[in-house]
Protein chains: 2
Amino acid sequence: MNASIQAEIKQGKPFESLEQEAFLALLWTADRLQWRLTEALKPQGLSPTQYNALRILRGAGKQGLACSEIAERMITRDPDITRLMDRLGRMGLVHRGRGDEDRRIVVAKITPKGADLLKQLDPVIRQFLHSLLGHMGEKKLNSLLDLLDKAATSAS
Amino acid sequence: MNASIQAEIKQGKPFESLEQEAFLALLWTADRLQWRLTEALKPQGLSPTQYNALRILRGAGKQGLACSEIAERMITRDPDITRLMDRLGRMGLVHRGRGDEDRRIVVAKITPKGADLLKQLDPVIRQFLHSLLGHMGEKKLNSLLDLLDKAATSAS
DNA sequence: TCACAATAATCGTTATAACGAATATAATTC
DNA sequence: GAATTATATTCGTTATAACGATTATTGTGA
């Protein structure tokens with residue numbers, strides 16, 4: 001069982017514990033999936049982090065989002081939002097302004113150019129995800145979600 | 001179902017597809033687990049990547065391993081093994097030499113100091129993994145492994 | 001209201017990752 | 001056996017991540 005992951009992580013010895021095996025399998029699988037996403041986004045010149053941030057901003061709509069709120073919603077925790085927004089700003093995909101009520105806050109919004117880019121990417125990503133995970137079927141994907149949720153409980 | 005992951009990745013909208021939801025949950029969970037590992041290794045001054053490489057070299061034993069073989073066994077694919085070994089070498093945890101038969105090859109071996117460090121870490125990591133994932137029980141961990149294996153098939 | 005703590009973001013610096021090009025050696029082909 | 005191709009690693013460079021310290025603004029308690 002689980003022969004292929006064990007084969008890929010060519011360990012000389014078997015795993016010391018089931019917990020360790022599951023831990024390694026999770027990180028390994030995530031790394032491979034992210035690698036595929038990186039490849040899929042490369043033609044557009046976006047990194048997964050940048051893509052994730054853009055999607056978050058699209059979800060926030062016209063009112064935009066504070067940098068700290070973007071950080072909370074990112075997949076990978078605690079990136080440097082300031083410089084991430086700097087880069088997206090230089091590409092013309094987002095713009096920023098100070099908050100009116102609380103002048104400490106910087107609110108970022110997606111630009112029309114950024115929204116267009118995402119719209120163009122939507123079918124590509126949908127297709128990409130389907131080709132990666134579609135073969136698992138609804139039942140197994142739901143089980144996976146359930147188990148991932150449990151695996152994350154002690155870690156978040 | 002899966003309320004907590006969905007809550008944590010505070011999306012304004014629900015997920016577009018089950019595939020997308022599973023993909024995000026996998027990356028998100030892996031990021032959190034890796035973050036915890038990073039914290040656990042910090043007192044020893046090791047990054048997860050360095051720890052992973054050291055373990056691989058311990059598994060290889062006295063004959064050591066070629067850089068290219070280390071790369072194949074790493075959890076995160078394609079790091080710059082040369083410079084990774086440079087750093088571990090500077091710390092005195094590994095040493096390197098050219099292969100005798102094939103002089104293109106550089107063979108890395110773990111040093112006694114490196115082995116000692118790992119031995120010291122072993123109980124810490126075992127405890128760490130148990131506290132993270134032990135609550136899931138054998139059955140669920142096996143299911144998770146099985147599903148991760150399936151999720152990885154199209155990505156590797 | 002004034003000092004003090006809390007929060008939001010920025011920036012300086014160092015370390016690491018990512019991408020290619022370059023180097024050295026080995027294998028293969030004609 | 002000389003030229004070519006493949007392999008293993010290194011290295012130069014740029015971009016990004018990680019860690020702390022800093023600045024600006026707001027909230028709070030004496």
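Everything numeric here is computed off the predicted structure, so don't read it as measured data. Proteins come first, then strands; the chains are lettered A, B, ... in the order of their sequence lines, and each starts at number 1. No hydrogens, no waters, no symmetry mates; every other heavy atom, side chains included, goes into these values.
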Student: CD of E138(B): more than 12 outside heavy atoms within 6.0 angstrom?
Tutor: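 Atom CD in E138(B) is not crowded, with 12 or fewer foreign heavy atoms closer than 6.0 Å.
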
Student: Under 3.5 Å, is there a donor-acceptor pair between the side chain of T111(A) and the main chain of L93(A)?
Tutor: yes

Student: Tell me whether H130(A) at atom NE2 has more than 12 heavy atoms from other residues, nucleotides or ligands lying less than 6.0 Å away.
Tutor: no

Student: What are the atom names and distances for every N/O pair under 3.5 Å that joins the protein to nucleotides 22-26 of chain C?
Tutor:
residue : atom : partner : partner atom : Å
dT25(C) : O2   : R104(B) : NH1          : 3.4
dA26(C) : OP1  : E101(B) : O            : 3.4
dA26(C) : OP1  : R103(B) : N            : 3.0
dA26(C) : O4'  : R104(B) : NE           : 3.4

Student: Quick one: label S47(A) by what it contacts on the DNA or RNA (base, sugar-phosphate, nothing), any heavy atom closer than 4.0 Å.
Tutor: nothing

Student: Using atom CG of L65(A) as one end and atom P of dA8(C) as the other, report the distance to the nearest whole Å.
Tutor: 13 Å

Student: Would you give the length of the straight line joining atom CG of L88(B) to atom CG of L46(B), rounded to the nearest 0.5 angstrom?
Tutor: 7.5 Å

Student: Of the options D80(A), I81(A), I105(A), which is the one that meets C67(A) in a side-chain contact (heavy atoms from CB on, under 4.5 Å)?
Tutor: I81(A)

Student: Does a salt bridge link E39(A) with K42(A), judged by any charged N lying under 4.0 Å from a carboxylate O?
Tutor: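 K42(A) and E39(A): salt-bridged.
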
Student: Can you list, by residue number, the residues of residues 38-46 of chain A that have a non-hydrogen atom closer than 4.0 angstrom to DNA chain D?
Tutor: none

Student: Between which nucleotides of DNA chain D, 5' to 3', does chain A make heavy-atom contacts below 4.0 Å?
Tutor: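 Range of nucleotides within reach of chain A: dT16(D) to dT26(D).
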
Student: If the condition is side chain to side chain contact (heavy atoms under 4.5 Å, CB included), which residues does L141(B) pass it with, not counting sequence neighbours?
Tutor: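 Residues passing side chain to side chain contact (heavy atoms under 4.5 Å, CB included) with L141(B): L18(A), E19(A), A22(A), L133(B), M136(B).
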
Student: Return the residues of residues 80-94 of chain A meeting this criterion: a heavy atom under 4.0 Å from some atom of DNA chain C. Order them by number, or give none.
Tutor: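 Those residues are D80(A), T82(A), R83(A).
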
Student: Please determine whether the number of non-hydrogen atoms from other residues, nucleotides or ligands lying under 6.0 Å from atom CD of Q44(A) exceeds 12.
Tutor: yes

Student: Are S68(A) and dA9(C) close enough that a side-chain N or O sits under 4.0 Å from OP1 or OP2?
Tutor: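 True: S68(A) side-chain N/O within range (under 4.0 Å) of dA9(C) OP1/OP2.
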
Student: Check this for me, if you would: do K150(B) and D146(B) make a salt bridge, where the nitrogen-to-carboxylate-oxygen distance has to be below 4.0 angstrom?
Tutor: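 Salt bridge between K150(B) and D146(B), a charged N being under 4.0 Å from a carboxylate O: yes.
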
Student: Measure from CD1 on I105(A) to C1' on dT10(C) and round the result to the nearest Å.
Tutor: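 It is 15 Å, rounded to the nearest whole Å.
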
Student: When rounded to the nearest 0.5 angstrom, what distance separates CG in L54(B) from CD1 in I110(B)?
Tutor: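 It is 5.0 Å, given to the nearest 0.5 Å.
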
Student: First locate atom CZ of R55(B), then atom CE of M74(B), and finally report the distance between them rounded to the nearest 0.5 Å.
Tutor: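 Those atoms lie 12.0 Å apart.
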
Student: I'd like to check the salt bridge (Lys or Arg N to Asp or Glu O under 4.0 Å) partners of R87(B); sequence neighbours left out, ordered by chain and number.
Tutor: none

Student: Quick check on K140(A): does its NZ atom have over 12 non-hydrogen neighbours (other residues, nucleotides or ligands) under 6.0 Å away?
Tutor: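 Counting neighbours around NZ of K140(A), 12 or fewer heavy atoms of other residues, nucleotides or ligands fall under 6.0 Å, so no.
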
